[in-house]
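Down below is the structure, laid out as structure tokens.
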Amino acid sequence: QPDATAPRQAAAVFEQADEMVIYTTDSLSVARRTIAYVLQANGFVLDTVIATMVQTRFAPLPRQYGARACARSAATAYLRRRGAETLIILEGSWLAEAKAVTDRKVRTAGARYEAPPRGGNKAAFRQLEAVAHAYPGGRVFYRIGTWQDRLN
């Protein structure tokens, strides 16, 4: 019987996707080390690494993903064991300095596929996608995430 909590797989990224889930047969400790390495190899700077989470700092978003010069990105990977597999829930956000002079100097938003082609949201999503597909032997699924998913 199919797992009702499993994300929907799509032939192409579906437009509302804001998270990726990597399914792997690696143990939690191997998955944690591997995702930390893959994040660093894709331009992220590690901040916090604990048993079930890897979090990065905001760092310049590489231009190859279509970002503006001032954009910065960060990622969080939540690790959960489900049966014989480890799930890595990968989400990201981006940060940009405001161009207008206001009280709010920066803005931040989640990485999303559904965004302007040259926008920070989409660039951050492309960077996460590169991470997900670089995970050795992992199966990548796209989904619309909810905060409750991170608690299970």
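Throughout, residue positions are numbered sequentially from 1 according to the sequence presented.
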**OP:** Give, for atom CG of Leu46 and atom OH of Tyr37, the distance between the pair rounded to the nearest 0.5 Å.
**Re:** 12.5 Å
**OP:** Heavy atoms only: give me the nearest Ile35-Ala77 pair and the separation to one decimal.
**Re:** CG1-CB, 4.1 Å
Subject >> CG on Asn42 to CZ on Arg126, rounded to 0.5 Å >> reply: 14.5 Å
Subject >> Heavy-atom side-chain proximity of Val21 to Tyr23 below 4.5 angstrom >> reply: yes
Subject >> Cluster link Ile50 to Val30, ILVMFWY, side chain under 4.5 Å >> reply: no
Original post:
Should Gln127 and Ser73 be marked as a side-chain hydrogen bond (donor to acceptor under 3.5 Å, both in side chains) after you check the CA-CA gap, both sets of side-chain angles, and the distance that decides it?
Top reply: CA-CA 9 Å; Gln127 186 181 22; Ser73 63; 2.6 Å; yes
Subject >> Residue pair Tyr142 / Glu129, side-chain heavy-atom distance below 4.5 Å >> reply: yes
Subject >> Gap between atom CD of Glu91 and atom CD of Glu19 - 0.5 Å precision >> reply: 5.0 Å
Original post:
Roughly how far, to the nearest 0.5 Å, is OG1 of Thr76 from CD of Gln55?
Top reply: 4.0 Å
Original post:
Does any non-hydrogen side-chain atom of Val45 lie less than 4.5 Å from one of Thr56?
Top reply: no
Original post:
Where is the tightest heavy-atom contact between Ala132 and Met20, given as atom of each residue plus distance?
Top reply: CB-SD, 3.8 Å
**OP:** Could you tell me whether the side chain of Arg32 reaches within less than 4.5 Å of the side chain of Val54, counting heavy atoms only?
**Re:** yes
**OP:** Can you see which heavy atom on Asp26 is nearest to which on Tyr135, and at what distance?
**Re:** OD2-OH, 2.7 Å
Original post:
Should Ile22 and Arg139 count as side-chain neighbours, where that means a heavy-atom distance under 4.5 Å?
Top reply: no
**OP:** Using the side-chain contact (heavy atoms from CB on, under 4.5 Å) rule, take Thr24 and Thr86 through it: C-alpha gap first, then chi angles, then the decisive distance, then the call.
**Re:** CA-CA 5 Å; Thr24 178; Thr86 297; 3.9 Å; yes
Original post:
Is a side-chain donor-acceptor pair under 3.5 Å present for Thr25 with Glu85?
Top reply: no
Original post:
Is any side-chain heavy atom of Arg143 less than 4.5 Å from a side-chain heavy atom of Ile89?
Top reply: yes
**OP:** Measure the spacing between CG of Leu79 and CG of Leu90 and express it to the nearest 0.5 Å.
**Re:** 9.5 Å
Original post:
Which atom pair, heavy atoms only, marks the closest approach of Gly92 to Leu128?
Top reply: N-CD1, 3.2 Å
